[in-house]
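Let me begin by presenting the structure, written as structure tokens, before commenting on it.
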Amino acid sequence: MQHHDVRAHKSAENLPREEQLAWKIAQVAVDPVEVEADVAEMIGNRIIDNAAVAIASLNRAPVVSAREQAQRHPFKPGAAIFGVEERVSPEWAAWANGVAVRELDYHDTFLAADYSHPADNIPPILAVAQHVGCDGRALVRGLATGYEIQVDLVRAISLHKHKIDHVAHLGPSAAAGIGTMLGLDDETIFQAVGQALHTTTATRQSRKGEISTWKAHAPAFAGKMAVESVDRAMRGQTSPVPIYEGEDGVIAWLLDGWEAAYSVPLPGPGEPKRGILDTYTKEHSAEYQAQAWIDLARKLGAERPELRDPERVESIVLHTSHHTHYVIGSGANDPQKYDPTASRETLDHSIPYIVAVALQDGGWHHVDSYAPGRAARPDTIELWNRISTVEEPIWTERYHDPDPDKKAFGGRIVITLTDGETIEDEIFVADAHPAGARPFGRAEYVQKLRTLAQGIVEDAEIDRFLALVERLPELTVDEVRQLNVLAPAGTVDTGTTNGIF
């Protein structure tokens, strides 16, 4: 990897295009390097993973709404929408599928200087592939770029520190991935990356306090903007330059300002794009920083059933990383994180709630664990309110460790019982993590799809879809257009919402 120093510049400095981060991203995108076999295999895994979580969310209100909006924009050839046969304009397919993939907070993740769900790149890149007619090889190359750019930006630039939503790294990565897939020139990709970043910077209030349904829409919007940005750039339209380094640009005014310098790692010429292999998926439908805690809680609940009884528990303290404490822990100072009437999106970002339920239930369910009745159980509320978090420097250090063998997203739990006994345990990574107790491979991704699709999509349809994914780099244009999972007639909510479209 080559590390590129990036900082703000005065307009009078006239920073050469070749020294701008957006141009360097474009150079990665145009590099004709082939995708390695293990990367292509993981891309297939994540296409399966996205399908699994999208099917499970087909009839949830945000997904129904987004799908209805997309269906108001039919187009030919167009792109597919999860669950249905209609073809729509690609930017709207990216929107509808992006919401479906993100709704349950149940697909892949990469955490470093910032947060990300890199599989959010798949809906916009796949939608464009289906519309313009790309084969499997081109699709795989585009997705490898999308993952690489997002992972590399997340490694180096913290958006969260300045309360900017993490989808600001997604717009540029998806635009770059589309550029690779379509074989666009570096100038066009450069302009598209700039436009995609410029249109996707937003505040992080969507993940603070009472979390709304926009949480699922945010990455879908970034994907939609990426498609539109590439379209404009292909028509010769230009973007703000330099978008990152400019005097009134992102670094100077949205991020660390004039004293800041970022070192952004990007593959050098001819270097394979392997960023996807540093990402990880979720076994549980919850914020990634909760994954390991769910595994530890279900283990402790099974070993010590008395921990499920709040009358036996004096306190539970989770010693964890800065991000976990301040984003989904008591350090966020959000009273909503202890509110039994809070929305699903809010409970998903409450580690005290998640640990309480996982401890009592011995596991986690993408629907039942968030049900209003489940959250309102008196014994759960009592236990929930006895759980707090504290930041412990060693866990923050492990969270940011660049060595994947040392990187950790868990912590240490200290349970004090009412009789004075103290129970301590710790977990470094989730069981499903590549370094965990039960790492996910192709078989686990397939099982996740079959489990979440049960009762919604017929087995024969799942088999058809999986057979395509098995041959992903070899797919023809027509086969790429069939990379969708259809639900039986009458299964998908046709919707009842009304709007402008």
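All figures in this text were calculated on a predicted structure; none of them were measured in a lab. We're numbering straight along the sequence, starting at 1. Values reported hereafter were calculated over all heavy atoms of this structure, with side chains retained and with hydrogens, waters and symmetry mates removed.
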The residue among Glu103, Arg344, His107 that forms side-chain hydrogen bond (donor to acceptor under 3.5 Å, both in side chains) with Ser285 is Arg344
So does Trp253 have more than 12 non-hydrogen atoms from other groups sitting under 6.0 Å from CH2? no
Aromatic rings Phe428 and Trp395: how do their planes relate, parallel, tilted or perpendicular, breaks at 30° and 60°? tilted
Could you tell me whether Glu259 atom CD has more than 12 heavy atoms of other residues or ligands within 6.0 Å of it? no
Check ion pair Lys337-Asp334 (N to O, under 4.0 angstrom): yes
Aromatic rings His433 and Tyr280: how do their planes relate, parallel, tilted or perpendicular, breaks at 30° and 60°? tilted
Please verify the inter-ring angle class for Tyr115 with His160; under 30° counts as parallel, over 60° as perpendicular, anything in between as tilted. perpendicular
Aromatic ring proximity, centroids under 6.0 angstrom, Tyr326 and His322: yes
Would you say the side chains of Gln205 and Thr203 form a donor-acceptor pair under 3.5 Å? no
Partner of Ser239 under side-chain contact (heavy atoms from CB on, under 4.5 Å), chosen from His198, Gln195, Arg232: Gln195
Looking at the rings of Tyr106 and Trp364, which for Trp means the six-membered one, are their centres under 6.0 Å apart? no
Parallel, tilted or perpendicular: which describes the rings of Phe221 and Trp214, with under 30° parallel and over 60° perpendicular? tilted
Per side-chain contact (heavy atoms from CB on, under 4.5 Å), Ile157 is matched among Ile164, Asp114, Leu255 by Leu255
Distance flag, aromatic centroids of His117 and His169, threshold under 6.0 Å: no
So does Asp231 pair up with Arg235, basic N to acidic O under 4.0 Å? yes
Provide the closest heavy-atom pair for Thr200 versus Ala222 in the form atom of the first, atom of the second, distance. CG2-CA, 3.7 Å
Output field: ring centroids Phe409/Trp293 closer than 6.0 Å: no
Among Asp49, Asp108, Asn50, find the one that has a side-chain hydrogen bond (donor to acceptor under 3.5 Å, both in side chains) with Thr281. Asp49
Give a yes or no on whether the ring-centroid distance for His319 and His325 is below 6.0 angstrom. no
Between Arg137 and Glu474, is the closest basic N to carboxylate O distance under 4.0 Å? no
Note: Glu187-Arg17 ion pair, threshold 4.0 Å (strictly below): yes
